[in-house]
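Remarks on the structure that follows.
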Amino acid sequence: MNFQVEKLDGPFGAAITGLDLREPMDEQTHAAVNKVFVDNVVLCFRDQHLEEPKDFFEAGKQLGEPMKQVVATYRHPEFDDIEVLTNRQTDERTNNTKPMTRGGTWHTDHSNMEQPPKATMLYAIAIPDTGGDTQFINMYMAYDALSDDMKKQLEGKRAFHSYLSSRAPRKLLERTEEEKAVSDGTWQPLVRLHPETNRKSLYFNQMRIEHVDGMEHEEGFAFMDKLYAHTYNPEFQYSHQWRLGDVLIWDDRASLHQATSNYDQSQLRYMHRMMLIGEKPVLA
Ligand code: SIN
């Protein structure tokens, strides 16, 4: 193996040094990197030089199949699969001129689609002096820590993920009619089986869940509130303190993530973001 792996500073996550993502990976390196990724849920590649969007795109292609950004508002002008993410962005399609903290509450990406991404990648181009972490919850850990009774209640259960739940803690970007047609909503298992590790993880998204099957509307929200309280536990969390040159990839099948806004907003935070196509979630 021609790279080094170290644990990140938290209950999960790993960092790789000694690998330049601009260089093509051979099959053995690719398999070794993927194993570090799926075993650790969050993986940071240190000291990368992917400022050119083409290089970021090619790096992403080495790790999976890029997924077109669903809402076009902040798509990169030359790359449909790259989104530009900054702390200066407003929802340009509305009259709202207040910058949004995009991704600012716990979620997993695009769980309202039948085939949500398997992974998301971020590359930091400008970061504030301190703060602006991206935070993660390990959903294997959250599942494993459930009581036997709760595991039983979750068996075979699905939840309906809409674009924006009526109980969502924040707003999302406004969509065009065309964008609505590809991301209208779908039922997803609440416990999913990971296709590569064969482990069970909780799978939900407070931004999107609108119904739990077999439950009245309010009863479903009360049930989910219990799950959120169990899951948003610091014991299952890792907070990534960005360094310039970091490329972060996380497993959307087994984690939640959120952006933080507790930093000096006069300083620019500027990222490129990509998602990699995933599988239809399988009920565990
Ligand atoms: C996201 O993908 O939700 C954004 C995360 C971040 O900006 O830290």
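Ligands are counted one by one from 1 in listed order, and the atoms in each one are counted from 1 as well. Keep in mind that the numbers below use all heavy atoms, side chains included, and drop hydrogens, waters and symmetry copies.
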When you look for heavy atoms under 4.0 Å from ligand 1, do you find them on the side chain of [X], its backbone, both, or neither?
X: T120; answer: neither
X: T260; answer: neither
X: M271; answer: neither

Within the 4.0 Å heavy-atom shell around [X], which atoms of ligand 1 are there?
X: G103; answer: 3 (O)
X: L122; answer: 5 (C), 6 (C), 8 (O)
X: H257; answer: 1 (C), 2 (O), 3 (O)

Flag the pair [X] and [Y] as a salt bridge only when some basic side-chain nitrogen lies within less than 4.0 angstrom of an acidic carboxylate oxygen.
X: D251; Y: K118; value: no
X: R46; Y: E6; value: no
X: D144; Y: R199; value: yes
X: R253; Y: E279; value: yes

Subject >> Close approach of H107 to ligand 1, heavy atoms, under 4.0 angstrom >> reply: yes
**OP:** Classify the ring geometry between Y228 and F204 as parallel (under 30°), tilted (30 to 60°) or perpendicular (over 60°).
**Re:** perpendicular
**OP:** Look at the rings of Y238 and F12 and say which category their plane angle falls in: under 30° parallel, 30 to 60° tilted, over 60° perpendicular.
**Re:** perpendicular
**OP:** Report the residues that fulfil side-chain hydrogen bond (donor to acceptor under 3.5 Å, both in side chains) with E51, sequence neighbours left out, ordered by chain and then residue number.
**Re:** Y123
Tell me whether [X] has any N or O atom under 3.5 angstrom from an N or O of ligand 1.
X: R269; answer: yes
X: Q258; answer: no
X: D109; answer: no
X: W242; answer: no

Looking only at protein heavy atoms, which one is nearest to [atom], and how far off is it?
atom: atom 8 (O) of ligand 1; value: T134 OG1, 2.5 Å
atom: atom 4 (C) of ligand 1; value: L85 CD2, 3.6 Å
atom: atom 2 (O) of ligand 1; value: R273 NE, 3.0 Å

**OP:** Identify, with sequence neighbours excluded, every residue that meets side chain to side chain contact (heavy atoms under 4.5 Å, CB included) alongside S239.
**Re:** D133, Q135
Original post:
Regarding E210 and H217, is there a side-chain donor-to-acceptor distance under 3.5 Å anywhere?
Top reply: yes
